[in-house]
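Please read the structure below before turning to the comments.
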Number of protein chains: 2
Amino acid sequence: MTIEMDKDITNAEWEVMRVVWAQTEVPSQVIIDVLMDKRGWKEPTIKTLIGRLVKKGALKTRKEGRKFLYSTDIKEDALVNETLDHFFHNICSKDIGKTIGVLIDEAILSHEDVALLKEKLIQKEQVAYDTVPCNCVKGQCQCQCQRHG
Amino acid sequence: MTIEMDKDITNAEWEVMRVVWAQTEVPSQVIIDVLMDKRGWKEPTIKTLIGRLVKKGALKTRKEGRKFLYSTDIKEDALVNETLDHFFHNICSKDIGKTIGVLIDEAILSHEDVALLKEKLIQKEQVAYDTVPCNCVKGQCQCQCQRHG
DNA sequence: CACTTCCGTTTACAATTGTAATCTTTAATT
DNA sequence: AATTAAAGATTACAATTGTAAACGGAAGTG
C-alpha cells in the first residue's frame, strides 16, 4: 500500500491531484480552469503545482500534439489511507476507537455505508482486544505505567 | 470545536504537544528529554519548537522560580478531530464511509471500542441517507453529473 | 513568412518548517 | 562576590510551500 514517491503531496498539490483523479487523462487547461475557479489561483500558480507534481513523480505526462495530458498512477484511496495512517501515529493507539467514533458521528453516511461499517465491526469483534495496548513513547501519553513526573 | 489559534501545529510541533498533553504542566527539561530520546533531536531544536508553540499561543507558560512550566488549553481530541475534519475535505463526501471502513479494518480495537462504534452506527442509521450527496467541485470527482471532458 | 497565442519551463520571492548553534540572563555554587 | 550551569531568547540557514511573473518555443493565423 506504500506509494513509491519522492515527496509528499502538499495541500495545494492535493487540489491538482483531485482533478486528475476525477478523470483518466487531463490537459492542463482543465486543471487550470477548475482550480482558478475553485481556489482563485492564478494560472501560473497552477502551472507551478502541476510542474512540481510531475517533477516529484506524482503525475505522468503523455504528449498529444503540442500539449501534454496528465495522469497518475497514484490511487486516491491508497493515498488517503496512507495519509490517515500516518496521521494516526500522532494518537495513542488506545484512542483510535474513540477517534473513529467521532468521525462516524460527524460523517454523512448512507444506509449502505452504515451496513458496510456494521459488517466490518462484526468482523472486528472476532479479533478485538480486551485492552488495546498503548503504543506511546514514555512521556507522550497518560497511560499510567508511562506517566512522567 | 474550532480552536482559536494563530497557526497550525506542524508535525514536529505535534511531538511537543503530545508531551504537554500527557501531563498537566511540564518543565522544558521533560519535553527535551522525551524528544531527544524519541526523535534524536538536539536540545536547541526542541527549545525552538517550544518557543514557536508559545509564540503562536498553543502553549501557556507559568514561571516557577527560574524556569517555566508549560501547559496548554488546546484539547488533544479537539485538535485531532479538527485536523481530521480538515483532511476529510480532500475527499468526496460519498467516499467518507468507505474511508472510515478502511480505518476500522486497520485499527486495533477493544471489545469496548467495537461496542461503542456499533452503538454509534445504530444511531447513525436513524439519520442515514439513501444516497450521500457529492460535495465536490465540478471537475474534482467522478460523480457522473459533474464529470468533465 | 510574420504575428500572435498557447503551453510548458525558468525564475522569483516571502513565509513556514526542520534543524541547530550561539548568546544572554539569571540562578546556583564555591 | 566570582564562577559556573541552566534555561530561555536570538540568530542561522537550507528546504519546502504557496503564490506568481516572465520567458521561450511550438502551433496556428493572417
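Any value given below was found using the heavy atoms of this structure, including those in side chains, with hydrogens, waters and symmetry copies removed. Not measured: the values here are computed from a predicted model. Note on naming: letters A, B, ... go to the chains in the order of the sequence lines (proteins, then strands), and numbering restarts at 1 for each one.
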Next item on the list: Check the distance between dA21(D)'s P and M36(A)'s CE and give it to me in whole angstrom.
Entry: 11 Å
Notebook entry, point to check: Any side-chain N or O of T45(A) less than 4.0 Å from the OP1 or OP2 oxygen of dT19(D)?
Noted result: no
Next item on the list: Report which part of the nucleic acid Q29(B) touches: base, sugar-phosphate, or nothing (heavy-atom distance under 4.0 Å, all strands).
Entry: sugar-phosphate
Next item on the list: Would you mind reporting whether I50(B) and L59(B) have side-chain heavy atoms less than 4.5 Å apart?
Entry: yes
Item checked: Residue met sooner reading DNA chain C from 5', once R66(B) and I46(B) are mapped to nucleotides -> I46(B)
With 3.5 Å as the limit, what N/O pairs link the protein to nucleotides 9-14 of chain D?
none

Check: Honestly curious: do I96(A) and V132(A) fall in one hydrophobic cluster under the side-chain, below-4.5 Å linking rule?
Finding: no
Check: Closest nucleotide of DNA chain D for G65(A) versus for G40(A): which of these residues is on the 5' side?
Finding: G40(A)
Check: Considering only heavy atoms from C-beta outward, does the side chain of D85(A) approach that of E106(B) to under 4.5 Å?
Finding: yes
Next item on the list: Round to a whole Å and report the spacing from NZ of K67(B) to P of dT26(C).
Entry: 16 Å
Item checked: Close side-chain approach of T99(B) to I91(B), heavy-atom, < 4.5 Å -> yes
Note to self: Can you measure W14(B) atom CH2 to dG18(C) atom P for me and round it to whole angstrom units?
What the structure shows: 13 Å
Margin query: Quick one, L117(A) and L109(A) - any side-chain contact, counting heavy atoms below 4.5 Å?
Written below: yes
Checklist line | Length of the line joining L59(A):CG and dG8(C):C1', which is rounded to integer Å | finding: 14 Å
Notebook entry, point to check: Hey, is the side chain of K42(B) poking within less than 4.0 Å of OP1 or OP2 on dT19(C), counting only N and O atoms?
Noted result: no
Next item on the list: Assign T10(A) to base, sugar-phosphate, or nothing according to its heavy-atom contacts below 4.0 angstrom with the strands shown.
Entry: sugar-phosphate
Next item on the list: Would you list the pairs meeting salt bridge (Lys or Arg N to Asp or Glu O under 4.0 Å) in which at least one residue belongs to residues 15-27 of chain A, sequence neighbours left out?
Entry: E15(A)-K38(A), E15(A)-R39(A), E25(A)-R62(A)
